[in-house]
Undergrad: 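The structure is given below, and queries will be raised subsequently.
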Amino acid sequence: MLRTIRGFKDILPAEIHLWQHIEETARKIFESYGFSEIRIPIVERTDLFRRSIGEVTDIVEKEMYTFSDRHGESITLRPEGTASVVRAYIEHKLYGGPISKLYYMGPMFRYERPQKGRYRQFYQIGAEVLGEESPRLDAEILEMLMRFFSHLKLAGTTLQINSLGCRICRPGYKDELKRYLGGKRGVLCEDCLKRVEINPLRVLDCKSRGCTEATSGAPSILEHLCDECRGHFHAVLDCLQTAGVHAVTNKRMVRGLDYYTKTTFEVTAEGIGAQNTIAAGGRYDMLVRDLGGPDTPCFGFAIGMERMGLLLKEATELKKPLVFVAVFGGDDVHAAGMDVIDRLREHGVAVERDYERKGIKPQLKRANRLGARYVLILGTDELAAGTIAVKDMEAGTQEVVSLEGIEATVVKKIRT
RNA sequence: GUGGAUGUAGCUCAGGGGUUAGAGCAUCGGACUGUGGCUCCGAGGGUCGGGGGUUCGAAUCCCCUCAUCCACCCCA
């Protein structure tokens, strides 16, 4: 049998309404904060990701879908969205205008072993603000994110926040941490022994017990921030408190992408397996310049859509109410029935019908299985009387109404 | 890349060397040609994940392989 390849999946009609609901909610909330959508390519030059995400990150080292195109150029299926947004910002010189608030949604690709909440093609909704350095912006975007979750009636989420400092204060901290970890070699796990050399910060969020204990007394990044970064971090916390957004400071939290500076954060949820981060992001003040643009402070995040889907599985009926038009009788009745169907569809009503001119019973049966909310019944008698029967499939009740203006009657019914 | 679990009907699962592989749900038909859901009767549907081996005989035992799930690593 032909199948999807590993880590890829179809999203079938049974769950598509949930996805559309998430997307619509994101558009509504983000646009209320002044964001506009940007659509970025799915494929970019490999170099863009190498330079933005960082050469020694796991994503670049072993997770990218990289191919040669027909001219031998190395291209890569995007593993994340920020790099492309920044590229577009520079390429189209959006820095000439006011600050840019951009959001995007779509598939990302990483070659990883699939598990619960992780696929090789997965969907993200991301938002990026380019050109604003104020801590008030950081706080407002976090507030927007949490508002998005609460609009979706998501419970049990935790916002964890940290600061990774900047290129002035982080190197000094990194060296000090390295010295500290150097004295703990005996208890660190195998992976962490390598991390000490490559990226000592990563040792801080290792889950193995030895490492957790070894780092419990490690120097904290928050105590080594420069004045600028410390002031920024505390201002963000103050603004969040004022806005009523609950955030937990987690000085061990580290991000997997190199471009983050200052504020970083993660939103986790319970009950969805080991991959419980549903959104994450932070500030990346150097990236635009690193990629050849002007100095541009930025803040952004990405939300993992299938992980949100896991949390919203029990969501209430999101599908548009369906109306079934059951027609039976001669050609004149069917002509009148088609007219009714046309009028309903013109009014935006979702309509299903029978194509085989079956009797009323099989039609009602089909309507029931399609989950129709109402069935309009038009037979020879109704047509002769200029009426149509409206059956409520949940209540089992039925009433006869005028055929004229039926579309308005139905629209009124399904909106209440 | 590493580890563990699982692959039998559309779905959930029984069967653990011996005729023709079963159940529930779902599907289709009938009871029922002006009213769905309920009930009853009947029907269709399977390369037992794939390949190889052991055996008189394999869905069942062995080896290999593939896939899925979960976890690690890492990440949204």
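The chains referred to below are lettered A, B, ... by the order of the sequence lines, with proteins before strands, and numbering in each begins at 1. Just so we're clear, the structure is a prediction, and the values are computed from it rather than from any experiment.
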Undergrad: Using the C1' atoms only, state how far B:A23 lies from B:A31, rounded to an integer number of Å.
TA: 25 Å
Undergrad: Between B:G42 and B:G10, how far apart are the P atoms? Round to whole Å, please.
TA: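 It works out to 23 Å between them.
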Undergrad: I'd like the P distance from B:U60 over to B:A9, given in whole Å.
TA: 15 Å
Undergrad: Should the side chain of A:Gln398 and the base of B:U35 be counted as holding a donor-acceptor pair, with the cut-off at 3.5 Å?
TA: yes
Undergrad: The side chain of A:Gln124 lies closest to which of these nucleotides: B:A76, B:C32, B:G34?
TA: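 Within the option list, the nearest is B:A76.
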Undergrad: Please state the P separation for the pair B:C70 and B:U65 - nearest whole angstrom.
TA: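 Approximately 23 Å lies between the P atom of B:C70 and that of B:U65.
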Undergrad: Side-chain donor-acceptor contacts of residues 301-311 of chain A below 3.5 Å, not counting sequence neighbours, with atom names and distances?
TA:
from, atom 1, to, atom 2, distance (Å)
A:Glu306, OE1, A:Tyr123, N, 3.3
A:Glu306, OE2, A:Tyr123, N, 2.9
A:Arg307, NE, A:Gly117, O, 2.7
A:Arg307, NH1, A:Thr277, O, 2.9
A:Arg307, NH2, A:Gly117, O, 3.1

Undergrad: Rounded to the nearest angstrom, tell me the gap between atom CZ in A:Arg366 and atom C1' in B:G37.
TA: 17 Å
Undergrad: Nearest of B:G34, B:G37, B:A76 to any side-chain atom of A:Lys365?
TA: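 Nearest listed nucleotide: B:G37.
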Undergrad: Where the side chain of A:Thr277 is defined as all heavy atoms beyond and including C-beta, which of B:U35, B:A76, B:G36 is the nearest nucleotide?
TA: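 The answer is B:A76.
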Undergrad: Answer yes if the side chains of A:Tyr103 and A:Glu31 hold a donor-acceptor pair under 3.5 Å, and no otherwise.
TA: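 Note: A:Tyr103 and A:Glu31 side chains meet the donor-acceptor criterion.
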Undergrad: For a quick check of understanding: with a heavy-atom distance under 4.0 Å over all strands, which category does A:Ala280 fall into, base, sugar-phosphate or nothing?
TA: sugar-phosphate
Undergrad: Distances under 3.5 Å only, N/O to N/O: pair up the protein atoms with those of nucleotides 64-72 of chain B.
TA:
from, atom 1, to, atom 2, distance (Å)
B:U68, OP2, A:Arg6, NE, 3.1
B:C70, OP2, A:Lys116, N, 2.6
B:A71, OP1, A:Ala274, N, 2.9
B:A71, OP2, A:Gln115, NE2, 3.1

Undergrad: Given the P atoms of B:U20 and B:G57, what is the spacing between them in whole Å?
TA: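 Straight-line distance between the two P atoms is 15 Å.
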Undergrad: Expressed as a whole number of Å, how far does the C1' atom of B:A58 sit from that of B:G51?
TA: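 Between the two C1' atoms, the distance is 15 Å.
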Undergrad: Taking the C1' atom of each, how far is B:G22 from B:A59, in whole Å?
TA: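 So the two C1' atoms sit 12 Å from each other.
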Undergrad: Specify the glycosidic conformation (syn or anti) of B:G4, with syn defined as within 90° of 0.
TA: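 Anti conformation here, the glycosidic angle of B:G4 being more than 90° from 0.
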Undergrad: According to a 3.5 Å limit on both distances, what stems of 3 or more consecutive Watson-Crick or G-U pairs are formed with RNA chain B?
TA: B:1-7 with B:66-72, B:10-13 with B:22-25, B:27-31 with B:39-43, B:49-53 with B:61-65
Undergrad: Under 4.0 Å, counting only non-hydrogen atoms across every strand here, what does A:Thr57 touch: a base, just sugar-phosphate, or nothing?
TA: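 A:Thr57: no heavy atom of the nucleic acid under 4.0 Å.
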Undergrad: Only one of A:Asp138, A:Leu102, A:Leu137 clears side chain to side chain contact (heavy atoms under 4.5 Å, CB included) with A:Val129; which?
TA: A:Leu137
Undergrad: Apply the test side chain to side chain contact (heavy atoms under 4.5 Å, CB included) to residues A:Lys262 and A:Phe299: give CA-CA distance (whole Å), side-chain angles for both, the deciding distance (0.1 Å), then the verdict.
TA: CA-CA 10 Å; A:Lys262 289 183 176 169; A:Phe299 186 90; over 6 Å; no
Undergrad: Ring centres within less than 5.5 Å and planes less than 30° apart: is that true of A:Phe122 and B:A76 in this structure?
TA: yes
Undergrad: Could you tell me whether the side chain of A:Ile406 reaches within less than 4.5 Å of the side chain of A:Arg343, counting heavy atoms only?
TA: yes
Undergrad: Just the rounded figure in Å: distance from C1' of B:U33 to CG of A:Asp354.
TA: 14 Å
Undergrad: Using a heavy-atom cut-off of 4.0 Å across all strands, would you classify A:Phe328 as base, sugar-phosphate, or nothing?
TA: base
Undergrad: What interatomic distance, in whole Å, is found between C1' of B:U8 and the corresponding atom of B:G46?
TA: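 Straight-line distance between the two C1' atoms is 8 Å.
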Undergrad: Does NZ or CZ of A:Lys9 come closer than 6.0 Å to the centre of the six-membered ring of A:Tyr119, within 45° of the ring's axis?
TA: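 That pair qualifies as a cation-pi contact.
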Undergrad: Do A:Glu394 side-chain and B:G36 base share a donor-acceptor contact under 3.5 Å?
TA: no
Undergrad: Scan A:Leu257 against the nucleic acid and name what it touches under 4.0 Å (heavy atoms): base, sugar-phosphate only, or nothing.
TA: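 Counting heavy atoms under 4.0 Å across all strands, the contact made by A:Leu257 is with sugar-phosphate only.
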Undergrad: I need the single residue from A:Leu154, A:Leu142, A:Thr157, A:Asn276 that forms a side chain to side chain contact (heavy atoms under 4.5 Å, CB included) with A:Val267. Which is it?
TA: A:Thr157
Undergrad: Tell me what A:Ile360 touches on the nucleic acid: a base, only sugar-phosphate, or nothing, going by heavy atoms under 4.0 Å.
TA: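 Here A:Ile360 touches the bases of the nucleic acid.
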Undergrad: Give each protein N/O atom lying under 3.5 Å from an N/O atom of nucleotides 24-29 of chain B, with the pair distance.
TA:
from, atom 1, to, atom 2, distance (Å)
B:U27, OP1, A:Arg369, NH1, 3.2
B:C28, OP1, A:Arg369, NH1, 3.2
B:C28, OP1, A:Arg369, NH2, 2.8
B:C28, OP2, A:Arg369, NH1, 2.6

Undergrad: Any donor-acceptor pair under 3.5 Å between the side chain of A:Lys361 and the base of B:U35?
TA: no
Undergrad: Give me the ring orientation class for A:Phe30 and A:Phe148: parallel if the planes are under 30° apart, tilted from 30 to 60°, perpendicular past 60°.
TA: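 Because their plane-to-plane angle lies in the 30° to 60° range, the rings of A:Phe30 and A:Phe148 count as tilted.
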Undergrad: Side chains of residues 364-371 of chain A: which donor-acceptor pairs under 3.5 Å do they make with residues two or more places apart or in other chains?
TA:
from, atom 1, to, atom 2, distance (Å)
A:Arg366, NH2, A:Glu352, OE1, 3.3
A:Arg366, NH2, A:Arg353, O, 2.3

Undergrad: Would you say A:Phe109 and A:Ile42 make side-chain contact, with heavy atoms under 4.5 Å?
TA: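 A:Phe109 reaches A:Ile42 side chain to side chain.
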Undergrad: Under the rule for ring-ring contact (aromatic ring centres under 6.0 Å, His included), what residues qualify as partners of A:Tyr173, not counting sequence neighbours?
TA: A:His224
Undergrad: With salt bridge (Lys or Arg N to Asp or Glu O under 4.0 Å) as the test, would you mind laying out the steps for A:Arg167 and A:Asp290 before giving the verdict?
TA: CA-CA 12 Å; A:Arg167 289 186 186 177; A:Asp290 286 349; 3.0 Å; yes
Undergrad: Start with the C-alpha gap between A:Arg45 and A:Asp47, add the side-chain angles, then the distance that decides, and say whether salt bridge (Lys or Arg N to Asp or Glu O under 4.0 Å) holds.
TA: CA-CA 5 Å; A:Arg45 271 183 245 281; A:Asp47 209 38; over 6 Å; no
